[in-house]
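Since the structure comes first, as C-alpha coordinates, the remarks are kept for the end.
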Amino acid sequence: MNVFEELTQIQAEFQKDLKLALDLEQLDHLKIKYIGRSGVVTTLLRSISSVKKEDRPKFGSKANQLKSEISGLIAEKIDVFKNDTDLRKAENLDVTLPGRTPVIGSLHPTTQIVQEICDIFVSLGFSVIEGPEIEFDKYNFEMLNIPKGHPARDMWSTMWIENPNHSNTNSTLLRTHTSPMQARFMEATSPPIRIVVPGKCYRYEATDSTHEWHFYQIEGLVVDKGINFANLKGTLYEFAKRIFGNDRKVRFRCDYFPFVEPGVDMSISNFKDSEGKRPIKGRDEDWIEILGAGMVHPEVLKGVGYDPDIYTGFAFGMGPERISMLRDGIDDIRHFYSNDLRFLSQFV
Ligand code: DAH
(Lines give C-alpha, C1' and ligand atoms only; values in the text may rest on other atoms or scores of the structure.)
Protein backbone atom coordinates (compact mmCIF):
# COMPACT_ATOMS: atom_id res chain seq x y z
CA MET A 1 0.00 0.00 0.00
CA ASN A 2 1.49 3.34 -0.99
CA VAL A 3 1.21 6.46 1.11
CA PHE A 4 -1.70 7.81 -0.95
CA GLU A 5 -3.67 4.65 -0.35
CA GLU A 6 -2.75 4.88 3.29
CA LEU A 7 -4.17 8.42 3.41
CA THR A 8 -7.44 7.24 1.86
CA GLN A 9 -7.66 4.40 4.34
CA ILE A 10 -7.02 6.71 7.28
CA GLN A 11 -9.71 9.03 6.02
CA ALA A 12 -12.25 6.18 5.80
CA GLU A 13 -11.31 4.89 9.22
CA PHE A 14 -11.64 8.34 10.69
CA GLN A 15 -15.14 8.72 9.21
CA LYS A 16 -16.16 5.47 10.95
CA ASP A 17 -14.57 6.50 14.24
CA LEU A 18 -16.20 9.90 14.09
CA LYS A 19 -19.62 8.35 13.72
CA LEU A 20 -18.96 6.16 16.75
CA ALA A 21 -17.77 9.00 18.99
CA LEU A 22 -20.60 9.60 21.44
CA ASP A 23 -19.28 12.28 23.72
CA LEU A 24 -16.71 15.01 24.12
CA GLU A 25 -14.23 12.67 25.74
CA GLN A 26 -14.29 10.26 22.82
CA LEU A 27 -13.86 13.15 20.40
CA ASP A 28 -10.81 14.19 22.38
CA HIS A 29 -9.36 10.71 21.98
CA LEU A 30 -10.01 10.82 18.23
CA LYS A 31 -8.10 14.06 17.98
CA ILE A 32 -5.13 12.47 19.72
CA LYS A 33 -5.40 9.29 17.66
CA TYR A 34 -5.39 11.07 14.27
CA ILE A 35 -3.77 14.45 14.52
CA GLY A 36 -2.04 14.42 17.92
CA ARG A 37 1.78 14.51 18.17
CA SER A 38 2.00 10.79 17.50
CA GLY A 39 -1.35 10.50 15.75
CA VAL A 40 -1.60 8.41 12.59
CA VAL A 41 -1.69 11.34 10.15
CA THR A 42 1.14 13.12 11.93
CA THR A 43 3.30 9.99 11.90
CA LEU A 44 2.59 9.39 8.24
CA LEU A 45 3.56 12.97 7.43
CA ARG A 46 6.83 12.51 9.30
CA SER A 47 7.68 9.61 7.02
CA ILE A 48 7.72 11.96 4.02
CA SER A 49 11.44 11.28 3.49
CA SER A 50 10.63 7.72 2.48
CA VAL A 51 8.20 8.94 -0.23
CA LYS A 52 9.47 9.22 -3.75
CA LYS A 53 10.85 12.69 -4.37
CA GLU A 54 8.41 13.60 -7.14
CA ASP A 55 5.42 12.44 -5.04
CA ARG A 56 6.44 14.40 -1.95
CA PRO A 57 4.68 17.75 -2.73
CA LYS A 58 1.44 16.01 -3.62
CA PHE A 59 1.66 13.73 -0.59
CA GLY A 60 2.48 16.67 1.73
CA SER A 61 -0.45 18.69 0.54
CA LYS A 62 -2.88 15.72 0.67
CA ALA A 63 -1.77 14.77 4.18
CA ASN A 64 -2.08 18.36 5.43
CA GLN A 65 -5.49 18.64 3.80
CA LEU A 66 -6.61 15.50 5.61
CA LYS A 67 -5.23 16.83 8.87
CA SER A 68 -7.22 20.05 8.66
CA GLU A 69 -10.32 18.17 7.46
CA ILE A 70 -10.13 15.91 10.52
CA SER A 71 -9.55 18.84 12.83
CA GLY A 72 -12.51 20.71 11.30
CA LEU A 73 -14.88 17.74 11.53
CA ILE A 74 -13.94 17.11 15.15
CA ALA A 75 -14.46 20.79 16.06
CA GLU A 76 -17.87 20.74 14.38
CA LYS A 77 -18.96 17.69 16.34
CA ILE A 78 -17.64 19.19 19.59
CA ASP A 79 -19.94 22.14 18.98
CA VAL A 80 -22.89 19.87 18.38
CA PHE A 81 -22.17 17.95 21.57
CA LYS A 82 -21.77 21.12 23.65
CA ASN A 83 -25.17 22.45 22.61
CA ASP A 84 -26.60 19.05 23.14
CA THR A 85 -25.28 18.92 26.72
CA ASP A 86 -26.95 22.24 27.44
CA LEU A 87 -30.16 20.82 26.07
CA ARG A 88 -29.79 17.70 28.12
CA LYS A 89 -29.19 19.84 31.21
CA ALA A 90 -32.38 21.73 30.45
CA GLU A 91 -34.21 18.43 30.13
CA ASN A 92 -33.07 17.57 33.64
CA LEU A 93 -34.99 20.55 34.98
CA ASP A 94 -37.70 19.28 37.27
CA VAL A 95 -40.57 21.64 36.66
CA THR A 96 -42.58 20.03 39.44
CA LEU A 97 -40.14 21.24 42.12
CA PRO A 98 -41.53 24.10 44.22
CA GLY A 99 -40.20 27.47 43.02
CA ARG A 100 -37.98 29.77 45.03
CA THR A 101 -40.18 32.29 46.84
CA PRO A 102 -39.05 35.81 46.10
CA VAL A 103 -38.53 37.90 49.23
CA ILE A 104 -41.20 40.56 49.37
CA GLY A 105 -41.13 43.60 51.57
CA SER A 106 -43.94 44.86 53.73
CA LEU A 107 -44.97 48.00 55.54
CA HIS A 108 -42.83 48.86 58.53
CA PRO A 109 -44.39 47.69 61.85
CA THR A 110 -44.71 51.31 62.98
CA THR A 111 -46.58 52.20 59.78
CA GLN A 112 -48.79 49.15 60.27
CA ILE A 113 -49.84 50.07 63.83
CA VAL A 114 -50.26 53.76 62.92
CA GLN A 115 -52.55 52.79 60.04
CA GLU A 116 -54.47 50.33 62.18
CA ILE A 117 -55.12 52.93 64.89
CA CYS A 118 -56.04 55.64 62.37
CA ASP A 119 -58.42 53.23 60.60
CA ILE A 120 -60.27 52.66 63.88
CA PHE A 121 -60.78 56.40 64.36
CA VAL A 122 -61.75 56.87 60.71
CA SER A 123 -64.47 54.28 61.23
CA LEU A 124 -65.66 56.42 64.18
CA GLY A 125 -65.94 59.49 61.95
CA PHE A 126 -62.49 61.07 62.39
CA SER A 127 -60.30 62.49 59.61
CA VAL A 128 -56.55 61.90 59.45
CA ILE A 129 -54.32 64.96 59.07
CA GLU A 130 -50.61 65.58 59.41
CA GLY A 131 -48.40 68.47 60.46
CA PRO A 132 -44.79 69.67 60.44
CA GLU A 133 -42.05 67.96 62.44
CA ILE A 134 -40.16 71.23 62.75
CA GLU A 135 -42.43 73.36 64.88
CA PHE A 136 -42.56 76.81 66.41
CA ASP A 137 -42.41 77.27 70.16
CA LYS A 138 -45.78 79.00 69.71
CA TYR A 139 -47.62 75.81 68.69
CA ASN A 140 -45.56 73.24 70.59
CA PHE A 141 -45.93 75.13 73.89
CA GLU A 142 -47.37 78.63 73.99
CA MET A 143 -50.78 77.96 72.45
CA LEU A 144 -51.10 74.77 74.46
CA ASN A 145 -51.18 76.78 77.65
CA ILE A 146 -47.47 76.23 78.37
CA PRO A 147 -46.02 79.74 78.42
CA LYS A 148 -42.32 80.51 78.66
CA GLY A 149 -40.94 79.75 82.08
CA HIS A 150 -43.80 77.37 82.88
CA PRO A 151 -42.42 74.42 84.85
CA ALA A 152 -44.50 72.04 82.69
CA ARG A 153 -42.05 72.68 79.83
CA ASP A 154 -39.78 70.25 81.67
CA MET A 155 -42.23 67.47 80.82
CA TRP A 156 -40.87 67.66 77.27
CA SER A 157 -37.05 67.64 77.00
CA THR A 158 -36.75 69.65 73.83
CA MET A 159 -34.37 69.65 70.88
CA TRP A 160 -34.18 73.27 69.84
CA ILE A 161 -33.24 74.10 66.30
CA GLU A 162 -32.40 77.74 66.84
CA ASN A 163 -32.52 80.25 69.62
CA PRO A 164 -31.57 77.83 72.39
CA ASN A 165 -32.54 80.44 74.96
CA HIS A 166 -36.05 79.99 73.59
CA SER A 167 -36.65 83.61 74.13
CA ASN A 168 -39.41 84.11 71.61
CA THR A 169 -42.37 82.21 70.26
CA ASN A 170 -40.81 81.99 66.78
CA SER A 171 -38.03 79.77 68.07
CA THR A 172 -38.04 76.49 66.20
CA LEU A 173 -37.71 73.02 67.62
CA LEU A 174 -38.34 69.40 66.73
CA ARG A 175 -41.89 68.89 67.94
CA THR A 176 -41.92 67.02 71.23
CA HIS A 177 -45.48 65.79 70.71
CA THR A 178 -48.26 65.91 68.10
CA SER A 179 -50.40 68.21 70.29
CA PRO A 180 -49.29 71.38 68.41
CA MET A 181 -51.58 70.25 65.59
CA GLN A 182 -54.52 70.85 67.92
CA ALA A 183 -53.75 74.58 67.91
CA ARG A 184 -52.79 74.69 64.24
CA PHE A 185 -55.95 72.92 63.12
CA MET A 186 -58.36 74.83 65.34
CA GLU A 187 -56.77 78.11 64.26
CA ALA A 188 -57.29 77.23 60.59
CA THR A 189 -60.84 75.86 60.78
CA SER A 190 -63.98 76.04 62.84
CA PRO A 191 -65.94 73.34 64.68
CA PRO A 192 -67.14 70.67 64.38
CA ILE A 193 -63.70 69.03 64.48
CA ARG A 194 -62.91 65.35 64.65
CA ILE A 195 -59.30 64.59 63.72
CA VAL A 196 -56.43 62.23 64.45
CA VAL A 197 -52.86 63.34 63.76
CA PRO A 198 -50.18 60.67 63.40
CA GLY A 199 -46.57 61.80 63.22
CA LYS A 200 -42.98 61.65 64.34
CA CYS A 201 -41.89 63.35 67.57
CA TYR A 202 -38.50 64.01 69.13
CA ARG A 203 -37.20 64.33 72.68
CA TYR A 204 -33.79 65.17 74.08
CA GLU A 205 -33.63 61.98 76.11
CA ALA A 206 -31.46 58.94 76.69
CA THR A 207 -32.81 55.77 75.13
CA ASP A 208 -33.72 52.56 76.92
CA SER A 209 -36.12 49.71 76.29
CA THR A 210 -39.17 51.94 76.72
CA HIS A 211 -37.81 55.29 75.52
CA GLU A 212 -36.56 56.47 72.16
CA TRP A 213 -35.39 59.99 71.29
CA HIS A 214 -37.63 59.76 68.21
CA PHE A 215 -40.96 57.98 68.15
CA TYR A 216 -44.49 58.29 66.82
CA GLN A 217 -47.53 59.78 68.46
CA ILE A 218 -51.14 59.89 67.43
CA GLU A 219 -53.06 62.91 68.60
CA GLY A 220 -56.85 63.11 68.68
CA LEU A 221 -59.10 66.16 68.88
CA VAL A 222 -62.87 66.54 68.96
CA VAL A 223 -64.47 69.98 69.30
CA ASP A 224 -68.12 70.89 68.95
CA LYS A 225 -71.06 72.23 70.90
CA GLY A 226 -71.92 69.97 73.80
CA ILE A 227 -68.90 67.65 73.78
CA ASN A 228 -68.46 66.20 77.27
CA PHE A 229 -66.35 63.78 79.26
CA ALA A 230 -68.72 60.89 78.51
CA ASN A 231 -67.91 61.32 74.80
CA LEU A 232 -64.21 61.08 75.63
CA LYS A 233 -64.69 57.92 77.67
CA GLY A 234 -66.96 56.25 75.14
CA THR A 235 -64.67 56.98 72.19
CA LEU A 236 -61.48 55.85 73.89
CA TYR A 237 -63.09 52.75 75.40
CA GLU A 238 -64.26 51.72 71.93
CA PHE A 239 -60.75 52.27 70.59
CA ALA A 240 -59.16 50.21 73.39
CA LYS A 241 -61.54 47.30 72.83
CA ARG A 242 -60.85 47.26 69.08
CA ILE A 243 -57.09 47.14 69.64
CA PHE A 244 -56.85 44.90 72.72
CA GLY A 245 -60.06 42.85 72.52
CA ASN A 246 -63.65 43.12 73.73
CA ASP A 247 -63.03 41.53 77.11
CA ARG A 248 -60.59 44.24 78.23
CA LYS A 249 -61.57 46.92 80.72
CA VAL A 250 -60.35 50.51 80.85
CA ARG A 251 -59.64 52.78 83.77
CA PHE A 252 -59.35 56.56 83.82
CA ARG A 253 -57.32 58.37 86.45
CA CYS A 254 -56.53 62.03 87.02
CA ASP A 255 -53.36 63.24 85.32
CA TYR A 256 -51.92 66.62 84.50
CA PHE A 257 -51.36 68.03 81.01
CA PRO A 258 -51.41 71.85 80.73
CA PHE A 259 -53.69 71.86 77.64
CA VAL A 260 -56.55 69.84 79.17
CA GLU A 261 -58.77 70.24 82.22
CA PRO A 262 -59.58 67.81 83.65
CA GLY A 263 -56.68 65.71 82.40
CA VAL A 264 -56.62 61.92 82.64
CA ASP A 265 -54.63 58.91 81.70
CA MET A 266 -56.29 55.75 80.45
CA SER A 267 -55.14 52.26 81.35
CA ILE A 268 -56.24 48.88 80.05
CA SER A 269 -56.80 45.86 82.24
CA ASN A 270 -54.19 43.13 82.42
CA PHE A 271 -55.87 40.76 84.88
CA LYS A 272 -54.70 37.18 85.42
CA ASP A 273 -56.85 34.51 83.78
CA SER A 274 -57.92 31.28 85.52
CA GLU A 275 -54.46 29.82 84.88
CA GLY A 276 -52.76 32.83 86.41
CA LYS A 277 -51.59 34.16 83.00
CA ARG A 278 -51.82 37.83 82.09
CA PRO A 279 -52.87 38.94 78.59
CA ILE A 280 -49.86 41.24 78.19
CA LYS A 281 -46.56 39.40 78.05
CA GLY A 282 -43.85 40.45 80.46
CA ARG A 283 -46.02 42.84 82.48
CA ASP A 284 -47.15 41.95 85.96
CA GLU A 285 -49.53 44.83 86.74
CA ASP A 286 -53.33 44.72 86.73
CA TRP A 287 -53.54 48.03 84.84
CA ILE A 288 -51.28 49.41 82.13
CA GLU A 289 -51.38 53.02 81.04
CA ILE A 290 -51.80 53.51 77.29
CA LEU A 291 -52.65 57.15 76.68
CA GLY A 292 -53.19 60.66 78.01
CA ALA A 293 -56.38 62.62 77.44
CA GLY A 294 -58.68 65.31 78.77
CA MET A 295 -61.18 68.04 78.04
CA VAL A 296 -59.60 70.80 75.95
CA HIS A 297 -58.54 73.61 78.30
CA PRO A 298 -60.67 76.80 77.98
CA GLU A 299 -57.42 78.78 77.58
CA VAL A 300 -56.49 76.71 74.53
CA LEU A 301 -59.94 77.28 72.99
CA LYS A 302 -59.70 81.02 73.68
CA GLY A 303 -56.22 81.12 72.17
CA VAL A 304 -57.54 79.96 68.79
CA GLY A 305 -60.51 82.30 68.94
CA TYR A 306 -63.19 79.82 70.05
CA ASP A 307 -65.68 80.78 72.76
CA PRO A 308 -65.35 78.14 75.51
CA ASP A 309 -68.89 78.90 76.63
CA ILE A 310 -70.15 77.66 73.24
CA TYR A 311 -67.63 75.04 72.26
CA THR A 312 -66.07 72.25 74.26
CA GLY A 313 -63.86 69.38 73.21
CA PHE A 314 -61.68 66.50 74.22
CA ALA A 315 -58.18 65.56 73.17
CA PHE A 316 -55.94 62.54 73.53
CA GLY A 317 -52.41 61.47 72.69
CA MET A 318 -50.78 58.06 72.50
CA GLY A 319 -47.58 56.33 71.38
CA PRO A 320 -48.46 53.78 68.69
CA GLU A 321 -45.19 51.88 69.13
CA ARG A 322 -45.98 51.40 72.83
CA ILE A 323 -49.43 50.12 71.94
CA SER A 324 -47.93 47.65 69.50
CA MET A 325 -45.34 46.60 72.12
CA LEU A 326 -48.08 45.79 74.62
CA ARG A 327 -50.38 44.03 72.21
CA ASP A 328 -47.78 42.23 70.10
CA GLY A 329 -45.37 41.31 72.91
CA ILE A 330 -42.39 43.45 71.81
CA ASP A 331 -39.93 43.97 74.64
CA ASP A 332 -37.90 46.92 73.39
CA ILE A 333 -39.02 50.09 71.60
CA ARG A 334 -35.59 50.36 69.95
CA HIS A 335 -36.47 47.36 67.74
CA PHE A 336 -38.67 49.72 65.75
CA TYR A 337 -35.66 51.77 64.73
CA SER A 338 -32.92 49.16 64.42
CA ASN A 339 -33.86 47.86 60.95
CA ASP A 340 -33.11 44.30 62.05
CA LEU A 341 -34.70 41.95 59.52
CA ARG A 342 -35.23 39.29 62.21
CA PHE A 343 -37.61 41.75 63.88
CA LEU A 344 -39.13 43.30 60.76
CA SER A 345 -39.90 39.96 59.10
CA GLN A 346 -42.25 39.05 61.96
CA PHE A 347 -44.58 41.75 60.68
CA VAL A 348 -44.79 40.68 57.04
N1 DAH B 1 -48.91 65.44 74.29
C2 DAH B 1 -48.88 64.61 75.46
C3 DAH B 1 -47.49 64.02 75.63
O4 DAH B 1 -46.72 64.05 74.73
C5 DAH B 1 -49.90 63.50 75.33
C6 DAH B 1 -51.28 64.01 75.50
C7 DAH B 1 -51.87 64.01 76.75
C8 DAH B 1 -51.97 64.53 74.42
C9 DAH B 1 -53.15 64.49 76.93
C10 DAH B 1 -53.26 65.02 74.60
C11 DAH B 1 -53.83 64.99 75.87
O12 DAH B 1 -53.96 65.52 73.60
O13 DAH B 1 -55.11 65.46 76.02
O14 DAH B 1 -47.18 63.54 76.67
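Residues take their numbers from the sequence shown, with the count starting at 1. Since the model is a prediction, treat every value here as computed from it, not as a measurement. Counting starts at 1 for both ligands and their atoms, in listed order.
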Original post:
Could E142 and R153 be called an ion pair, given the rule that one side-chain N must be under 4.0 Å from one carboxylate O?
Top reply: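 So E142 pairs with R153 through a salt bridge.
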Original post:
Name the residues in contact with ligand 1, where contact means a heavy atom under 4.0 Å away: which are they?
Top reply: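 Shell around ligand 1 (4.0 Å, heavy atoms): W156, H177, S179, Q182, R203, Q217, E219, F257, F259, V260, G292, A293, G294, A315, F316, G317.
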**OP:** May I ask you to decide if the ring planes of H177 and W156 are parallel, tilted or perpendicular, using 30° and 60° as cut-offs?
**Re:**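 Rings of H177 and W156: tilted, 30 to 60°.
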Original post:
In terms of the angle between their ring planes, are H150 and Y256 parallel, tilted or perpendicular, with boundaries placed at 30° and 60°?
Top reply: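 Parallel.
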Original post:
What salt bridge (Lys or Arg N to Asp or Glu O under 4.0 Å) pairs are there with at least one residue in residues 179-207, not counting sequence neighbours?
Top reply: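 Sorted pair list: E135-R184.
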Subject >> Apart from W287 itself, residues in the same hydrophobic cluster as defined by side-chain heavy atoms under 4.5 Å >> reply: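 Taking Ile, Leu, Val, Met, Phe, Trp and Tyr as members, W287 shares its hydrophobic cluster with F271.
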Subject >> H108: side-chain hydrogen bond (donor to acceptor under 3.5 Å, both in side chains) partners, not counting sequence neighbours >> reply: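 Scan of H108 (side-chain hydrogen bond (donor to acceptor under 3.5 Å, both in side chains), adjacent residues dropped) gives T110.
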